[in-house]
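Note that these values count all heavy atoms, side chains included, but never hydrogens, waters or copies made by symmetry. Order of the sequence lines sets the chain letters (A, B, ...), proteins ahead of strands, with each chain counted from 1. The shown structure was predicted, so the numbers you read here are calculated from the model rather than taken from an experiment.
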Number of protein chains: 2
Amino acid sequence: MAHPTLEDVAARAGVSRALVSLVMRGSPKVGKERREAVLKAADELGYRPNIMARGLAAGRTGMAGVLAADLHDPLFASVHDGLADEAARRGVRLLLASGGGRPARERAALGELLDLRLDGLLLAGPRIAAAEIERAAAGCPVAVVGRPVRSSRVDCVTGDDAAAMARAVTRLVELGHRRIACMDLGSGRPRVQQVFKAALAEAGLAPDQDVLWRPGGAATAVVAAGDATGTAALTTLHRAGLDVPGEVSLVVLGDAPGAEVNGVTTVAAPAAELGRLAMAALLDRIGDGGAAREGRRVTVPPVLAERATTGAITP
Amino acid sequence: MAHPTLEDVAARAGVSRALVSLVMRGSPKVGKERREAVLKAADELGYRPNIMARGLAAGRTGMAGVLAADLHDPLFASVHDGLADEAARRGVRLLLASGGGRPARERAALGELLDLRLDGLLLAGPRIAAAEIERAAAGCPVAVVGRPVRSSRVDCVTGDDAAAMARAVTRLVELGHRRIACMDLGSGRPRVQQVFKAALAEAGLAPDQDVLWRPGGAATAVVAAGDATGTAALTTLHRAGLDVPGEVSLVVLGDAPGAEVNGVTTVAAPAAELGRLAMAALLDRIGDGGAAREGRRVTVPPVLAERATTGAITP
DNA sequence: GTGAAAGCGCTAACAG
DNA sequence: CTGTTAGCGCTTTCAC
């Protein structure tokens with residue numbers, strides 16, 4: 001028998017289907033005798049409950065969906081660690097789908113997840129329009145991580161990139177640096193420079209004539225905006241013959257796996273923690289059973305991991 | 001109405017449920033008139049088919065499961081690109097689950113995926129025992145990517161690390177290198193050194209007294225076994241004051257995203273292609289409808305991406 | 001073409 | 001405690 005059903009188990013154990021159902025769900029009100037008979041029969045038959053059928057009948061599945069905007073983003077893997085942890089802790093299974101980095105695909109994946117009628121949906125770094133998220137939330141509990149969404153019925157958990165920038169700068173200032181530059185591979189993003197200038201100002205520093213780092217500049221420290229930029233920064237500094245952290249200190253905003261291996265000092269949102277909080281919010285919302293609670297809005301402060309690319313300035 | 005059903009649509013359109021079902025699945029044998037009425041009603045109601053119910057009734061879901069051993073492995077994201085592409089091309093939806101890098105979790109995730117009764121299962125780089133994979137394959141079409149599994153009913157698609165090593169070495173030899181060293185952060189893996197020696201021998205070179213790279217050695221080229229090792233190698237070489245590729249050439253086995261950004265020459269299995277082939281094998285198997293075909297075994301040759309860390313030797 | 005009837009495998013009242 | 005009775009939302013014969 002390829003896939004024995006509840007009925008097969010019942011027949012073999014000589015009991016009714018309902019009894020088997022109770023046993024499978026670990027109900028306490030079944031006699032030890034019969035329970036064991038049922039378990040034995042199920043085991044011998046290699047019985048596995050059909051989740052679809054269960055979900056259909058019960059009206060809930062015990063599963064939550066996770067939509068990853070882009071599997072290539074190493075951040076997602078860390079977020080997922082937190083997500084999975086919290087879900088496991090609360091006995092909820094996770095099903096993932098990927099947006100493949102493209103809004104169109106993401107939209108499609110969202111639709112499929114919605115059609116599965118899972119108990120809830122967690123959107124990780126969604127790139128689709130807020131209105132679409134809102135619409136999804138109308139039919140299913142939704143939480144978002146990694147992107148602020150202002151909506152009454154969506155919980156959302158985010159990091160704080162401005163705070164991260166500020167943390168990087170203040171740390172460098174503590175170390176004695178006064179001429180700090182910023183590096184951004186995705187250059188032209190005005191927000192990065194803006195945030196950088198604000199952080200500088202907050203630390204009581206005036207930006208140099210040029211905010212961005214350039215070889216031969218006077219900067220004694222560099223803040224790299226993003227993981228890719230960070231790796232590139234390291235390479236560039238080395239190529240320029242600069243000793244790190246002897247001559248130049250480097251702080252990277254973001255915490256890709258490579259950073260730890262290479263001993264790069266980083267400031268980043270604690271991804272797993274974001275994930276955990278988002279999942280907690282989602283499960284709470286599911287638990288509330290649609291008590292149209294106000295959307296929870298959580299911002300998590302960044303974490304500094306001081307490794308080997310930063311040092312005190314020694315004139 | 002939170003989730004209108006087929007029946008609601010039928011009522012609104014003034015037809016029977018069966019007719020709506022036909023329309024929703026795009027059957028050609030429905031009059032234009034009625035079809036449009038149904039579509040209109042469905043749209044107005046915001047109807048979305050319930051996949052669980054559909055799967056239960058139809059006996060197939062139109063979905064395949066993908067079990068990722070470890071989401072942190074950037075390789076998986078690339079494999080998934082290929083997977084998703086092929087699945088989309090053939091009209092199959094994908095549902096992912098993660099093994100979280102731990103065999104125990106992976107086993108659990110496999111069970112959940114199995115319980116969903118999807119049409120097929122794709123295991124990406126599984127770490128669980130071959131026997132467990134075999135067992136899963138008894139109840140559901142299964143294909144494996146990234147790990148060789150010899151089984152009559154499992155298709156599997158893998159890269160070829162020995163060939164990758166050989167490709168790296170022959171390329172370096174073409175460039176004039178004769179003293180080539182190997183670097184392996186996960187040191188102690190005997191297989192790596194063994195494969196390296198074999199590649200050297202094949203290229204007509206004798207290994208130096210010591211196979212592994214060491215600062216101050218005479219090697220003019222280094223092969224780094226793995227992405228992490230590659231990044232570390234680059235840093236180490238730079239720290240040692242060596243010009244790359246002026247004094248030392250570097251080839252990394254593996255193709256993490258950072259490699260391209262940093263212009264590192266790599267040799268790696270074409271991950272997306274592996275994914276595509278594995279998904280194709282799985283869908284073929286599903287299509288065969290359990291015609292206990294012999295397991296397909298595909299090995300894909302590695303690809304050299306020559307970037308900026310390799311150069312001809314100029315004595 | 002179209003509608004009625006019979007499930008898919010399971011859960012959830014409800015009587016015994 | 002146990003078995004019976006209805007469905008969950010959809011697909012699928014099979015007559016009309």
Donor-acceptor pairs under 3.5 angstrom involving side-chain atoms of residues 135-146 of chain A: please list them, not counting sequence neighbours.
none

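- Annotation: proximity of residues 29-38 of chain A to DNA chain D (heavy atom, distance under 4.0 Å) is found for Lys29(A), Val30(A), Gly31(A), Arg34(A), numbered in ascending order.
- Between Glu106(B) and Arg127(B), none of the side-chain N atoms (NZ, or NE/NH1/NH2) sits under 4.0 Å from a carboxylate O, so this pair counts as no salt bridge.
- Asp8(B) and Arg17(B) are not joined by a salt bridge, as no carboxylate oxygen comes within less than 4.0 angstrom of a charged side-chain nitrogen.
- Using a 4.0 Å cutoff to heavy atoms of chain B, the contacted part of DNA chain C runs 5' to 3' from dG1(C) to dG9(C).
- For Asp155(B) and Arg297(B), the salt-bridge test fails: no basic side-chain N is under 4.0 Å from an acidic carboxylate O.
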If the sugar-phosphate is the primed atoms plus P, OP1 and OP2 and the base is the rest, what is the B/S/- string for nucleotides 10-16 of chain D, using protein heavy atoms under 4.0 Å? BBB----
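- The pair Asp119(B)-Arg60(B) fails the salt-bridge criterion, with no side-chain N (NZ, NE, NH1 or NH2) lying under 4.0 Å from an Asp/Glu carboxylate O.
- Taking the side chain as every heavy atom from C-beta outward, Val66(A) and Leu83(A) approach each other to under 4.5 Å.
- Checking Thr299(B), Leu277(B), Val79(B), Leu122(B) one by one against Val157(B), the side-chain contact (heavy atoms from CB on, under 4.5 Å) holds for a single residue, Leu277(B).
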When the side chains of residues 42-53 of chain A are checked against the rest of the protein, which donor-acceptor pairs come out under 3.5 Å, sequence neighbours left out?
from     : atom 1 : to        : atom 2 : distance (Å)
Glu44(A) : OE1    : Arg12(A)  : NH1    : 2.1
Glu44(A) : OE2    : Lys40(A)  : NZ     : 3.1
Arg48(A) : NE     : Asp115(B) : OD1    : 3.3
Arg48(A) : NH2    : Asp115(B) : OD2    : 3.3
Asn50(A) : OD1    : Met52(A)  : N      : 2.9
Asn50(A) : OD1    : Ala53(A)  : N      : 3.2

Show me, pair by pair, the donor-acceptor contacts under 3.5 angstrom made by side chains of residues 27-35 of chain A, not counting sequence neighbours?
from     : atom 1 : to       : atom 2 : distance (Å)
Ser27(A) : OG     : Lys29(A) : N      : 3.2
Arg35(A) : NH1    : Val30(A) : O      : 3.4
Arg35(A) : NH2    : Ser27(A) : O      : 2.6

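- In this structure, Arg90(B) pairs ionically with Glu86(B), as a charged nitrogen and a carboxylate oxygen lie closer than 4.0 Å.
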